[in-house]
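Down below is the structure, laid out as structure tokens.
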Amino acid sequence: MNSTSSKNGSNSAPPLQDIPTSEHYQVSYMHRSTVTHCCTSLRHGYVLTGSTDGIVKFWKRVSTTATPGGSNSGSAAPTASSAAAAGSSGADGTNSRCLEFVKSYSSHVGPLLALCTSQPNGDSAVSIGWDGIIKFYDVATFDVSGMIRTISNNNNNNKCKKFRLGRHAVLMEREDVYLLVSTRAPTREEWKEEQYEKERLKQLKLQQQNDDSSDDDDGPRPASADEPKKKPKKEDDTNGNNWVSPGSILLFSGTNLSAEPLRIITYHASPVTALAYNSKKQWVISSDISGVLEVWNVPSSSPDDSNSSDNGPLPFQSKFDTDLYALMKKKTYAIDIAVSDKHFAVYCSDRKIRLFSLTNGCKLVCIYDERLKVYDKMLSQNSSAMGIDAIEYGKRAALEREMEDSYLLSGGVSSNAVTKQSISTVNSTSEGSNHQHFHLTFDNTGKFLLLPTIVGVKIINIQTHRVTATAGKGDASAFRFIDISLCPGDAKIDQQLQLARMGGSSAAVKHGSENGTLPPNDSLLIALAYDKRRFMVFTHQDPLSNEGQGDEPDEQTILARDILNEQPDASDILDASHLGRSGNDPNSSLQLTTATQAILRTTHGDIRIKLFPKETPRTIENFIGHAQSGYYDNVIFHRIIPSFMIQTGDPLGDGTGGESIWGGEFEDEIRRELKHDRPFTVSMANAGPGTNGSQFFITTVPTPWLDGKHTVFGRVVGGMEVVSAIESVKTDELDRPLSEVKILSVDVS
């Protein structure tokens, strides 16, 4: 049953006519902040993207085939509008822009929770924000068609149910447009407010009872024979605030736009972590943090028909005859679900992808294992099996561990095993990567599963359980793809559209059919990467291949792929050239500032540091230059002061040595927004203004008296306990540790 999904494809695999498999992306476009969501409309040929600043963008697909007389691909990076106007360039179509920017909406104040198009046709779309607003869009006219401001934000009526919109939604095209959206657990701050309000109401009720009992009277009187007995009042909601359960799923109408949901569906007792919809059978598949998988029919929109449904029977007679309890047995849960006509695949928090059959009573078909230990074993047995060396794999593995420390594999929810209280670990102010999520998908035939992995986007034949191809493996060293959307191409268009694309030549279409070949397919694969402002577009052409000649792509070809349609920062510009640099390039030092993370491997454990390359580019360039050259390897922590800081970076080990990567010292980069206002701040040591070299320190308490004197260039975001352990090492009267503590190595990414 288990499969590592790493075997080569077999000759019996169906042809990949509608799935781009190129090793490098064709073109990429930007948002102003981290891109978190992407969806497509098959009928209208639109792509919608959303980001953590609440922006929703509409993009229109353009042909990926070449047109004669295209613009020169060697020009400087163009804007989105000029790139779209150019259409495609190059005789082979390798510089097609694929998408044309249409419109942008500032849809929400704060991050997006969900963005999706309606199923099955994609006539409508919806975005849901942390601000509690639901916006509907007419995709054909790329316009806002309606808005719901949910009652939890502006309603003071305690009798109405209150709710918090969740991260999972499905938009359904039936007799009307209906929206299913999950509800989320409260954040820790919201939970504390709820408990405070609950206690306040309890005290108020007790006070009212005490006031009533203190009134002067003659004591209780028996009820007269003709006086009806009063029924006891029903207690209010146990939460005191009338909040719905976090496991509830809300049904809204996209037509009447009522702020009150049509139905509150309560199949789950815990917060929902994944939601998917089979439009052909009209089944909904959902999962919660307890590992419960449910397959259910959408109930009637009328609250009076509590058990009615317009759909047919479920794919099983009894849930006990299925494998829907498989996740609970393994103590894992779903973080994403992909559905085809006959199967559904579940990406689980244990990094295993479980494939279920809808035609065989929801039985478990296969398990694809994407845990790091699988790749560790593969690399140890055959170093060439993955196509990357041990150093490159170590870099990618470090990023995988960073992703595990974020909320990508938790669904943004944590649960207390004792109290069963669920808390949302993501809030509106969380970093951009915390609002991203894993997403896998099936192709339009349902025979292939597209899975983002550490080596690229694997395309798995679910009939043979073999990897048929891997898209984006040439870019996987710079981008960790986590969310993908497939835009089918020519396989879905009629002959008239083919004629139009062939310049009206019916002979060309006929000639292609007679030879058993098809016109060039213009299907697209849209990929979002971890903690990136860009989204990448893959086609069937590889823009960096040179027809097997083995020549390295020139720098202009690489740069031309990344469209600067938003104001770039330094890392955006340098990210664009990550593929063309060699180790001997005199400008290669510039790419050092693209790193945003560092891991200090010490004798006491790993310390993970978030770097600030945008605010302190020269300091980061110096730090990473030393890290990559091995300058910090085996350097000791030479100064440790409890309740203050730990200091290292001196190759002499006595606090008197060290220099910059340029030799000598360099200037401070004091930034007003970067202060020593918290513990675990990473800052440069110096002997006065402008005397930075290689030494740095990590604070263990707030040290505001250092502001304006030392350059803050990072924060510890993982391994705080390691810093505390080093701080507790015994020292002599000169603050030198009695037992040696070393930096073994430094990894940057």
Side-chain angles (χ1 to χ4, degrees), residues 1-10 12-14 16 18-19 168 170 273-281 283-288 291-296 314-316 319 321-371 374-375 409 411 437-471 481-486 525:
M1 171 107 32
N2 290 335
S3 171
T4 61
S5 71
S6 59
K7 300 177 181 178
N8 294 327
S10 63
S12 61
L16 299 175
D18 214 30
I19 307 176
H168 311 283
V170 167
T273 57
L275 192 65
Y277 179 58
N278 184 315
S279 59
K280 186 174 183 179
K281 297 292 186 179
W283 295 330
V284 178
I285 305 172
S286 57
S287 178
D288 61 33
V292 175
L293 268 175
E294 297 285 356
V295 181
W296 44 281
L314 293 174
F316 51 83
K319 189 175 177 181
D321 299 329
T322 71
D323 289 329
L324 295 178
Y325 293 105
L327 275 64
M328 292 184 66
K329 293 177 181 177
K330 295 298 182 180
K331 296 183 179 180
T332 185
Y333 56 91
I335 57 175
D336 188 55
I337 300 175
V339 181
S340 69
D341 290 344
K342 298 181 180 180
H343 297 85
F344 69 93
V346 181
Y347 199 120
C348 301
S349 58
D350 61 359
R351 284 186 176 269
K352 292 183 179 180
I353 296 85
R354 292 166 170 85
L355 182 68
F356 293 83
S357 172
L358 286 172
T359 58
N360 190 27
C362 292
K363 292 291 187 178
L364 187 61
V365 177
C366 189
I367 299 177
Y368 307 116
D369 196 341
E370 287 296 323
R371 292 176 298 172
V374 175
Y375 290 99
L409 294 174
H437 58 276
F438 274 104
H439 180 60
L440 65 167
T441 187
F442 286 94
D443 77 319
N444 62 310
T445 67
K447 297 179 180 178
F448 294 97
L449 177 65
L450 281 69
L451 174 65
T453 71
I454 190 174
V455 295
V457 180
K458 289 183 178 179
I459 301 165
I460 304 173
N461 182 345
I462 64 173
Q463 297 171 332
T464 62
H465 306 300
R466 300 289 186 105
V467 176
T468 306
T470 303
F481 304 116
I482 58 173
D483 186 346
I484 52 176
S485 295
L486 184 63
L525 179 63

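Computed from a predicted structure; not experimentally measured.
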Can you measure from [atom1] ([X]) to [atom2] ([Y]) and round to the nearest 0.5 angstrom?
| X | Y | atom1 | atom2 | answer |
| --- | --- | --- | --- | --- |
| Lys342 | Lys281 | NZ | NZ | 10.5 Å |
| Thr322 | Leu314 | OG1 | CG | 10.5 Å |
| Leu486 | Leu450 | CG | CG | 6.0 Å |
| Tyr347 | Leu440 | OH | CG | 8.5 Å |
| Ser287 | Met328 | OG | CE | 10.0 Å |
| Leu525 | Ile19 | CG | CD1 | 8.5 Å |

pair [X]-[Y]: side-chain heavy atoms closer than 4.5 Å:
| X | Y | result |
| --- | --- | --- |
| Val284 | Leu275 | yes |
| Ile460 | Leu451 | yes |
| Phe316 | Asp321 | no |
| Ile462 | Val365 | no |

Inset, instruction - Sequence neighbours left out, what passes ring pair (Phe, Tyr, Trp, His ring centres under 6.0 Å) with Phe442? Give chain and number order. - result: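 Testing Phe442 for ring pair (Phe, Tyr, Trp, His ring centres under 6.0 Å), a comparison that skips the adjacent residues, returns none.
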Inset, instruction - Determine the sole option in Lys352, Lys458, Arg351, His465 for which the side chain to side chain donor-acceptor pair (under 3.5 Å) test with Tyr368 is passed. - result: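 That would be His465; it is the only one of Lys352, Lys458, Arg351, His465 passing the side chain to side chain donor-acceptor pair (under 3.5 Å) with Tyr368.
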Side chain of [X], backbone of [Y]: donor and acceptor closer than 3.5 Å?
| X | Y | answer |
| --- | --- | --- |
| Asn461 | Thr468 | no |
| Lys319 | Leu293 | yes |
| Thr441 | Ser485 | no |
| Ser357 | Cys362 | no |

Legend entry - Partner of Ile285 by side-chain contact (heavy atoms from CB on, under 4.5 Å), out of Val339, Leu324, Val346: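 So the option named by the test is Val339.
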Inset, instruction - Tell me, please, which residues at least two apart from Lys280 pass side-chain contact (heavy atoms from CB on, under 4.5 Å). - result: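 Lys280 satisfies side-chain contact (heavy atoms from CB on, under 4.5 Å) with Asn278, Asp341 once adjacent residues are dropped.
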Legend entry - All side-chain contact (heavy atoms from CB on, under 4.5 Å) counterparts of Lys363, not counting sequence neighbours: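 So Lys363 forms a side-chain contact (heavy atoms from CB on, under 4.5 Å) with Asp323, Asn360.
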Give the minimum heavy-atom separation between [X] and [Y], together with the two atoms involved.
| X | Y | answer |
| --- | --- | --- |
| Ser340 | Gly446 | CB-CA, 4.0 Å |
| Ile335 | Ala274 | C-CB, 4.1 Å |
| Leu327 | Gly291 | CB-O, 3.4 Å |
| Pro452 | Ile482 | CG-O, 3.5 Å |
| Tyr277 | Trp283 | CD1-O, 3.3 Å |

Legend entry - Sequence-distant partners of Lys330, salt bridge (charged side-chain N to carboxylate O under 4.0 Å, His left out), two or more places apart: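 Checked Lys330 against salt bridge (charged side-chain N to carboxylate O under 4.0 Å, His left out); zero matches.
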Legend entry - Partner residues of Asp350 under the salt bridge (charged side-chain N to carboxylate O under 4.0 Å, His left out) criterion, sequence neighbours left out: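 In terms of salt bridge (charged side-chain N to carboxylate O under 4.0 Å, His left out), with neighbours along the sequence ignored, Asp350 is linked to Arg354.
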Legend entry - Residues which pass side-chain hydrogen bond (donor to acceptor under 3.5 Å, both in side chains) with Ser349, listed by chain and number, not counting sequence neighbours: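 Only Thr332 meet the side-chain hydrogen bond (donor to acceptor under 3.5 Å, both in side chains) criterion with Ser349.
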